[in-house]
Amino acid sequence: MFITLEGIEGSGKTTQLDPMVAFLTQKGHDCIVTREPGGTRIGQQIRAILLDPHNKALDPLSELLLYAADRAQHIKTKIIPDLSAGKTVICDRFFDATTVYQGYGRDLDISIINMLHQIVLDGLKPDLTILFDLPVETGLSRAWKQINDGSRSDLETRFEKEALAFHQKIRDGYLELAKREPDRFRIIDAGGSKETVKEAVTNTLSLHLKTD
Ligand code: TMP
């Protein structure tokens, strides 16, 4: 099974990884947690370029191609081998992030992004995508709180430094994707406490396992 987590900055999706693994392991799944960008050793080097706040001059098309390169490496060397070995792969962000950040956010042509995804994904699609949704003001203030208290790296703030309007486009973009593919997406209200969100995630996983 292939599960992806999506959401704006500060949506709390990464915090939910441990409880998700605990729940799925208890249900008999052998879980692997990974992320994009940076799910492989080479991908970590690509991640550093992509998220470095000094790289203000990074051209949107170059940015798109770097995410695609990270994903190609990740799929070929990690995701496909793990899925083939019968593991449940949980990926913190995947191709939907490119559609919304580079497409809706950077205004790159969606048909170019779709074409790239046809090549890079080669038919691979998540079985379930959990969208952690919350107002952008709440997400960004959480993200900056974590950056300022050191629990989130200040070397990776290129996107957090974008204007509120950029993040609103990302939130709207995710909600639009979720509306277009209701069978794959589950939207979770991520504005509540960690415990409330954890409960919603567990319910979502439970339902998905029943219908799987
Ligand atoms: P993270 O902070 O959730 O690890 O995500 C890294 C940043 O990269 C986040 O701001 C979203 C952005 N991103 C894209 O712009 N396009 C993509 O395809 C992915 C995977 C992430």
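Start at 1 and go down the list; that is how both ligands and their atoms are numbered. We count residues from 1, following the sequence as given. Just so you know, these numbers use all the heavy atoms, side chains as well, and skip hydrogens, waters and symmetry mates.
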K.L.:
At the 4.0 Å heavy-atom cut-off, does Arg158 count as touching ligand 1?
P.N.:
no
K.L.:
Who gets closest to atom 4 (O) of ligand 1 by heavy atom: Arg93, Arg35, Glu36, Arg47?
P.N.:
Arg47
K.L.:
In terms of residue, atom name and distance, what is the protein heavy atom nearest to atom 18 (O) of ligand 1?
P.N.:
Thr98 OG1, 2.5 Å
K.L.:
Please examine the side chains of Ile113 and Thr98, heavy atoms only from C-beta on, and report whether any two atoms are closer than 4.5 Å.
P.N.:
yes
K.L.:
Got the closest protein heavy atom to atom 10 (O) of ligand 1, with its distance?
P.N.:
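Protein heavy atom with the smallest distance to atom 10 (O) of ligand 1: Glu9 OE2, 2.8 Å.
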K.L.:
Any heavy-atom pair between the side chains of Thr34 and Thr40 that's under 4.5 Å?
P.N.:
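No; the side chains remain at least 4.5 Å from each other.
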K.L.:
Looking at Arg47 and Glu36, is any side-chain nitrogen of the basic one under 4.0 Å from a carboxylate oxygen of the acidic one?
P.N.:
no
K.L.:
When the ring planes of His117 and Phe95 are compared, do they come out parallel, tilted or perpendicular, using 30° and 60° as the limits?
P.N.:
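Taking Phe95 first and then His117, their aromatic rings stand perpendicular (interplane angle over 60°).
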K.L.:
Below a 4.0 angstrom heavy-atom separation, can you tell me which part of Arg71, side chain or backbone, both or neither, approaches ligand 1?
P.N.:
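Arg71 to ligand 1: side-chain contact only, backbone stays beyond 4.0 Å.
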K.L.:
With side-chain contact (heavy atoms from CB on, under 4.5 Å) as the test, pick out the partner of Leu131 among Asp96, Ile187, Thr4.
P.N.:
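Of all the options given, the one that passes is Ile187.
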K.L.:
Tell me which protein heavy atom sits closest to atom 12 (C) of ligand 1, plus the residue, atom name and distance to 0.1 Å.
P.N.:
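Answer, as residue, atom name and distance: Tyr67 OH, 3.1 Å.
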K.L.:
State yes or no: are the ring centers of Tyr67 and Tyr101 separated by less than 6.0 Å?
P.N.:
no
K.L.:
We want to know whether Glu176 and Tyr104 form a side-chain donor-acceptor pair, criterion being a heavy-atom distance below 3.5 angstrom.
P.N.:
yes
K.L.:
Quick one: does Lys13 get a heavy atom under 4.0 Å from ligand 1?
P.N.:
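Distance cut 4.0 Å: Lys13 passes for ligand 1.
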K.L.:
How does Leu51 reach ligand 1, if at all, at less than 4.0 Å between non-hydrogen atoms: by side chain, backbone, both, or neither?
P.N.:
side chain
K.L.:
What residue and atom, counting heavy atoms only, is the protein's closest point to atom 16 (N) of ligand 1, and at what distance?
P.N.:
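Closest protein heavy atom to atom 16 (N) of ligand 1: Gln102 OE1, 2.8 Å.
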